[in-house]
**Q** 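Have a look at this one before I ask anything.
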Amino acid sequence: MYSKIAGTGSYLPEKILTNADIAKFVDTSDEWIKTRTGISQRHIAAEDETTTDLAEAAARSAMADAGVEPKDIDLICVGTATPDFLFPNVGTLLQERLGIHGCPAFSVEAACSGFIYALSMADKFVRLGEAKCALVVGADTLSKMVDWKDRATCVLFADGAGAVVLKAATEPGIMSTRLHADGRYKDLLLYNDGVSKGFKKVRDGTAAVQMKGSEVYKFAVNTLGQLVTETLSANNISQAEIDWLIPHQANIRIIEAIAKRIDMPMDRVIVTIAGHGNTSAASVPLALDAGIKDGRIRRGQLLLLEAFGGGFTWGSALIRY
Ligand code: COA
């Protein structure tokens, strides 16, 4: 038994924030942001728009694409670092919105790798015969936790959601997923407050995404380079067989460095960073959906998805679409 992608969907909030808009409130420029990151604009959730709102829109679009009804879904797994509440989890909130009752529904916290982690878990449920039609979502509203006075981070992060419907199939589908984490690097990229920390920093106004940018950059390039090589060799395939690399959209220079490392021409890499920024767990499913909807990714092609996030966490998925 395998799982296969039956449909994809995505959602981006209406509000667009350009680099020029950001340059009005922090000391930066369109030129600096574009050159260092590849980002031109990003979508930002409205004040009353939550991660579940974004996830619902992406999920409905993936379900319509797959031709499935709420009654068909028997598992919901959401990767997110920005839940509406601490409980109920976003999976459960999404389940209620979609009018689905009783199936397992949960969220996975793995920062920007959240979607790959969620996909890997849902794939295992399907392979074990415990689910036949799984809804997998990556959704985040990081704009709500960045410090909008910190130019080193606020230019990077953005909001969005992407979703896939996985169905049980006799052939892959998802050929392999590989997950990794190393908590020794926790201080390089973190949000420094939470429930059991007492939300003290939230209360005194010092809670924020904190990042040692150039160290994260170096680690991401090395780790993702190794991950891609490891994924190819574990599956006994060569780079030439991959039709599309669908990377986490954190920085165009990271994406280009990884593509170069495995000799992958950029015209076989799906890049959405200019318009989306870093949408955290939503970035990979947003890029996947974009490539499918604009006709570049076609049925039967071989896809390599990879992501990297705070923790650090990282992971890949090799998929016959
Ligand atoms: N506008 C203008 N200048 C900025 C700036 C901004 N938005 N942000 C930082 N700078 C300045 C710094 O203050 C520094 O100035 P200094 O030399 O006077 O001290 C200078 O630019 C260079 O900073 P540095 O951090 O060395 O730049 P960089 O080339 O490493 O690029 C990042 C910064 C954040 C774009 C890059 O490190 C990066 O993308 N890292 C990975 C981040 C990431 O992907 N995180 C998410 C992982 S999921």
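Every number for a ligand or one of its atoms is a count from 1 in the order of the listing.
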**Q** Please work out whether the ring planes of Phe25 and Trp148 are parallel, tilted or perpendicular, with thresholds of 30° and 60°.
**A** perpendicular
**Q** Do any N/O atoms on His248 end up under 3.5 angstrom from N/O atoms on ligand 1?
**A** no
**Q** Using the salt bridge (charged side-chain N to carboxylate O under 4.0 Å, His left out) rule, take Lys197 and Asp193 through it: C-alpha gap first, then chi angles, then the decisive distance, then the call.
**A** CA-CA 6 Å; Lys197 287 278 187 187; Asp193 208 0; over 6 Å; no
**Q** Identify the protein heavy atom lying closest to atom 8 (N) of ligand 1, giving its residue, its atom name and the separation to 0.1 Å.
**A** Trp32 CH2, 3.3 Å
**Q** Please identify which atoms of ligand 1 are closer than 4.0 Å to at least one heavy atom of Val155.
**A** 7 (N)
**Q** Taking 4.0 angstrom as the limit and counting only heavy atoms of Ser214, give me the atoms of ligand 1 inside it, by number and element.
**A** 30 (O), 37 (O)
**Q** Does Arg97 form a salt bridge (charged side-chain N to carboxylate O under 4.0 Å, His left out) with Asp53? I'd like the steps, not just the answer.
**A** CA-CA 9 Å; Arg97 295 271 186 97; Asp53 294 326; 3.0 Å; yes
**Q** Determine the sole option in Val228, Ile237, Thr231 for which the side chain to side chain contact (heavy atoms under 4.5 Å, CB included) test with Ile242 is passed.
**A** Ile237
**Q** Ignoring hydrogens, tell whether any protein atom lies closer than 4.0 Å to atom 19 (O) of ligand 1; use the non-hydrogen atoms only.
**A** no
**Q** Considering Asn251, Ile22, Ile33, which one's heavy-atom position lies nearest to atom 38 (C) of ligand 1?
**A** Asn251
**Q** Any N or O on Asn278 sitting closer than 3.5 Å to an N or O of ligand 1?
**A** no
**Q** Should the ring pair Trp314 and His180 be called parallel, tilted or perpendicular, given that the plane angle runs from 0 to 90° and is split at 30 and 60?
**A** parallel
**Q** Kindly say whether Cys133 contributes a backbone atom to a donor-acceptor pair with the side chain of Asp74 at under 3.5 angstrom?
**A** yes
**Q** Does the protein come close to atom 35 (C) of ligand 1 - that is, does one of its heavy atoms sit below 4.0 Å from that atom?
**A** yes
**Q** Hey, is ligand 1 close enough to Ser29 that some N/O pair sits below 3.5 Å?
**A** no
**Q** Using a strict 4.0 Å cut-off to heavy atoms of Ile254, name the atoms of ligand 1 that fall inside it.
**A** 44 (O)
**Q** To the closest 0.5 Å, what do you measure between CD (Glu130) and NZ (Lys124)?
**A** 13.0 Å
**Q** Provide, to 0.1 Å, the distance between atom 27 (O) of ligand 1 and the closest protein heavy atom, together with that atom's residue and name.
**A** Arg36 NH1, 3.1 Å
**Q** Closest heavy-atom contact between Ser316 and Ile116?
**A** N-CG2, 3.7 Å
**Q** Can you list the steps and then say if Asp123 with Arg127 is a salt bridge (charged side-chain N to carboxylate O under 4.0 Å, His left out)?
**A** CA-CA 6 Å; Asp123 174 54; Arg127 280 182 188 234; 3.1 Å; yes
**Q** Between the side chains of Thr37 and Asn251, does any donor sit under 3.5 Å from an acceptor?
**A** no
**Q** Quiz question for you: does at least one protein heavy atom lie closer than 4.0 Å to atom 16 (P) of ligand 1?
**A** no
**Q** Atom 13 (O) of ligand 1: which protein heavy atom is closest, and how many Å away?
**A** Arg151 NH2, 3.0 Å
**Q** Below 4.0 angstrom from a heavy atom of Phe308, which ligand 1 atoms are there? Numbered from 1 as shown, please.
**A** 48 (S)
**Q** Any idea which of Lys218, Met211, Arg253 brings a heavy atom closest to atom 42 (C) of ligand 1?
**A** Met211
**Q** Which bit of Leu189 gets closer than 4.0 Å to ligand 1, counting heavy atoms only: side chain, backbone, both or neither?
**A** side chain
**Q** Can you find a side-chain donor-acceptor pair between Arg268 and Gln239 that sits under 3.5 Å?
**A** yes
**Q** If you scan the protein for heavy atoms around atom 32 (C) of ligand 1, do you find one that is closer than 4.0 Å?
**A** no
**Q** For Ser120 and Thr177, which heavy atoms make the closest approach, and how far apart are they?
**A** OG-OG1, 2.7 Å
**Q** Is it the case that ligand 1 has an N or O less than 3.5 angstrom from some N or O of Gly213?
**A** yes
**Q** If the cut-off is 4.0 Å to any non-hydrogen atom of Thr28, which atoms of ligand 1 fall inside it?
**A** 1 (N), 2 (C), 6 (C), 7 (N)
**Q** With distance as the sole test, does Gln226 use its side chain to make a donor-acceptor pair with the main-chain N or O of Thr223 at under 3.5 Å?
**A** no
**Q** Suppose I only count heavy atoms of Ala250 and a 4.0 Å limit; which atoms of ligand 1 are within that range?
**A** 44 (O)
**Q** Flag atom 25 (O) of ligand 1 as yes if some protein heavy-atom distance to it falls below 4.0 Å, otherwise no.
**A** no
**Q** Answer yes or no for Ala152: is there a heavy-atom contact with ligand 1 below 4.0 Å?
**A** yes
**Q** So for Thr37, does at least one of its heavy atoms come nearer than 4.0 angstrom to any atom of ligand 1?
**A** yes
**Q** With no hydrogens and no angle check, is any side-chain donor or acceptor of Asp30 less than 3.5 Å from a backbone partner on Ala20?
**A** no
**Q** Of all the atoms in ligand 1, which lie at a distance below 4.0 Å from a heavy atom belonging to Cys112?
**A** 48 (S)
